Amino acid sequence: MNIALITYQDQQKYLSPTQENEDDTLLNFLQEKGLSIKKVIWNNPEVNWEQYDLAILKSPWDYFDHVNDFYQWIDQLSKCGVRLLNPPEIVKWNADKHYLKDIDAQQLAVTPSAFLNQTSSPDLRMYFEKWQTDRLIIKPCISGGANHTYQLKKEALHLWENQLSELLKSGDFIVQPFLNEVTEQGEWSFIFFGNEWSHCVLKKAKEGDFRVQHSFGGTIHPQQPSQELIAAAQKYLEAFATDCLYARVDGTLINGEFVLMELELIEPFLFLHTTPESLENYYQALKKWL
C-alpha cells in the first residue's frame, strides 16, 4: 500500500514549537514500521495521485488560502480511488466554522458564537451586551493558525466599523466573546488517535497576547488530565468524528466545565514531541485502516 502524508509548500509561515519537524518525525517512525509512505504537497500539479492508495492529511496548512482548490483536490482523490484520512465529508464539514452550530445543536458545550456574512450590517454592540463581555474575538469562518483573528475592545469599537465591512467582503466571519479563562489558565488540547485518547497539552499565550499558537510566542505544557476531563473531550468525537484517524479537541474550563473552542479534524499540530507514546499511539490507530 502506497501512502501519501499530505503537507504544503512550506513558506516558513508557521513555526514549529520544536527544532525537529513533526512531519519528519512521524514520517521516519512510520517508515521504520515498514510502511511505504512519503510526504506529498497537496497542490503539487506534478503528482500522479493514482499511484497512492491512501492519503493522510498532516500539514496542508495553507488549505484555507486556497479552499476551493482544496475541495476540488479532495474530489480528485475520490475519483482516483484514493482513500483520505480523515474522511472527505468530515474534512469539508470541519473546514468551515459554521460546524460549531451543529455541535451546539447536540447540546454539547461550545463557545458562544454568532456568524456574519457579506450582507450583514452587524451591530457588534449587541454582542457585548448579550455575552456580558468587554472584548470580542472575530475571525474568518474558513481559516487557521489565528489567521486574521482580531480582538475587539468595547471602547474601541468605533474604530472597527469600516474595517469590519472590508473584512466581510472576503467571506463569512465568526464572532465570539473573549474568554478570560484562555489568558488566565490556558487552552487545553486533547489529542485522540482512532477515538482513543493519546496525550494532552495546555497552551498558554505570551504575556500581553491572547493567541496561544506557538507561532505567536505561545508556550506548550504537557498535562495529565483527569479521566473526567478526557471523557468530556471525547464526547465531541463520539458525536462527530467516529471515523477519524486523528482529532484534536481544543477548549478551556469555565466554572470547571470543559467548553469547546475548536474541533480540529483537518491539519492540527499533534504535539507528538510531548509524550513518548504518541507515535506508537498514532501507528496503532493507523493500522486499522491498512
Side-chain angles (χ1 to χ4, degrees), residues 6-11 13-14 41-43 57 59-77 84 86-105 110-128 130-131 133 135-153 156-179 182 187 210-213 215-216 240-241 248 250-251 260-269:
I6 303 301
T7 184
Y8 78 126
Q9 184 63 50
D10 189 1
Q11 303 294 329
K13 186 175 180 179
Y14 302 99
I41 296 171
W42 72 271
N43 54 356
L57 293 170
S59 56
W61 286 344
D62 60 351
Y63 81 88
F64 49 82
D65 292 326
H66 315 280
V67 68
N68 290 329
D69 291 341
F70 185 67
Y71 291 159
Q72 291 175 12
W73 171 74
I74 290 175
D75 293 339
Q76 179 188 357
L77 290 184
L84 181 67
N86 287 333
E89 63 277 8
I90 291 179
V91 169
K92 291 182 178 180
W93 171 79
N94 192 233
D96 189 319
K97 291 178 176 55
H98 282 87
Y99 76 81
L100 293 172
K101 297 172 70 173
D102 296 332
I103 297 178
D104 182 60
V110 179
T111 304
S113 304
F115 297 90
L116 309 176
N117 58 40
Q118 292 180 346
T119 62
S120 298
S121 298
D123 181 4
L124 295 182
R125 293 175 183 82
M126 65 175 287
Y127 298 116
F128 287 105
K130 179 180 180 180
W131 294 322
T133 183
R135 287 182 286 177
L136 299 175
I137 296 294
I138 67 166
K139 53 189 172 183
C141 287
I142 299 177
S143 68
N147 185 51
H148 289 302
T149 297
Y150 304 102
Q151 177 184 196
L152 279 63
K153 295 183 179 179
L157 181 58
H158 64 284
L159 302 175
W160 276 90
E161 292 176 349
N162 291 334
Q163 187 170 350
L164 181 58
S165 297
E166 287 300 313
L167 287 172
L168 288 174
K169 292 179 181 179
S170 65
D172 294 355
F173 270 67
I174 183 173
V175 183
Q176 297 174 316
F178 182 90
L179 301 179
V182 174
E187 178 184 316
F210 66 96
R211 297 164 297 187
V212 299
Q213 287 84 357
S215 54
F216 293 101
F240 294 98
R248 200 181 82 195
D250 291 350
L260 182 76
M261 297 175 67
E262 294 274 4
L263 179 57
E264 300 278 8
L265 304 176
I266 303 178
E267 34 61 86
F269 195 86

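Given the structure is predicted, the values throughout are model-derived calculations rather than measurements.
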K.L.:
Looking at Tyr127 and Leu116, what are the two nearest heavy atoms and their distance?
P.N.:
OH-CD2, 4.2 Å
K.L.:
Going through the checks in order, is the side-chain contact (heavy atoms from CB on, under 4.5 Å) test met by Ile74 and Tyr63?
P.N.:
CA-CA 11 Å; Ile74 290 175; Tyr63 81 88; over 6 Å; no
K.L.:
Should the pair Trp42 and Phe70 be assigned to parallel (<30°), tilted (30 to 60°) or perpendicular (>60°) ring geometry?
P.N.:
perpendicular
K.L.:
With a 4.5 Å heavy-atom cut-off, do Trp73 and Asn43 have their side chains touching?
P.N.:
no
K.L.:
In Å, rounded to the nearest 0.5 Å, how long is the span from NE2 of His98 to CZ of Phe115?
P.N.:
5.0 Å
K.L.:
Rounded at 0.5 Å granularity, tell me how far CG in Asp75 sits from CG in Leu84.
P.N.:
10.5 Å
K.L.:
Give a yes or no answer on whether the side chain of Asp172 reaches the backbone of Cys141 with a donor-acceptor pair at less than 3.5 Å.
P.N.:
no
K.L.:
Can you see which heavy atom on Leu265 is nearest to which on Ile90, and at what distance?
P.N.:
CD1-CG2, 3.6 Å
K.L.:
Which atom pair, heavy atoms only, marks the closest approach of Ile41 to Gln9?
P.N.:
CD1-OE1, 3.2 Å
K.L.:
So Ile174 and Leu100, side-chain contact (heavy atoms from CB on, under 4.5 Å) or not? Walk me through it.
P.N.:
CA-CA 10 Å; Ile174 183 173; Leu100 293 172; 3.7 Å; yes
K.L.:
Let me confirm one number: the CZ-CG distance from Arg125 to Leu157, rounded to the nearest 0.5 Å.
P.N.:
5.0 Å
K.L.:
At what distance, to the nearest 0.5 angstrom, does CG of Leu179 lie from CZ of Arg135?
P.N.:
10.0 Å
K.L.:
Spell out, as yes or no, whether a donor-acceptor pair under 3.5 Å connects the side chain of Lys97 to the backbone of Glu262.
P.N.:
no
K.L.:
Evaluate the side-chain contact (heavy atoms from CB on, under 4.5 Å) criterion for residues Glu264 and Phe269: first the C-alpha distance (whole Å), next the side-chain angles of each, then the deciding distance (0.1 Å), finally the verdict.
P.N.:
CA-CA 9 Å; Glu264 300 278 8; Phe269 195 86; over 6 Å; no
K.L.:
Is there a donor in the side chain of Ser59 and an acceptor in the side chain of Glu267, or the other way round, less than 3.5 Å apart?
P.N.:
no
K.L.:
Tell me the closest heavy-atom pair linking Pro177 and Leu136, and the distance in Å.
P.N.:
CA-CD2, 4.2 Å
K.L.:
Under 4.5 Å between any side-chain heavy atoms of Leu164 and Leu152, yes or no?
P.N.:
no
K.L.:
What's the spacing between Asp250 CG and Thr111 OG1 if we round to 0.5 Å?
P.N.:
10.5 Å
K.L.:
Evaluate side-chain contact (heavy atoms from CB on, under 4.5 Å) for Met261 paired with Gln176, printing each intermediate quantity in order.
P.N.:
CA-CA 10 Å; Met261 297 175 67; Gln176 297 174 316; over 6 Å; no
K.L.:
Kindly say whether Leu263 contributes a backbone atom to a donor-acceptor pair with the side chain of Tyr99 at under 3.5 angstrom?
P.N.:
yes
K.L.:
Enter the distance from Leu57:CG to Tyr8:OH here, rounded to the nearest 0.5 Å.
P.N.:
14.5 Å
K.L.:
How close do Tyr71 and Ile142 get, heavy atom to heavy atom, and via which atoms?
P.N.:
OH-CD1, 4.3 Å
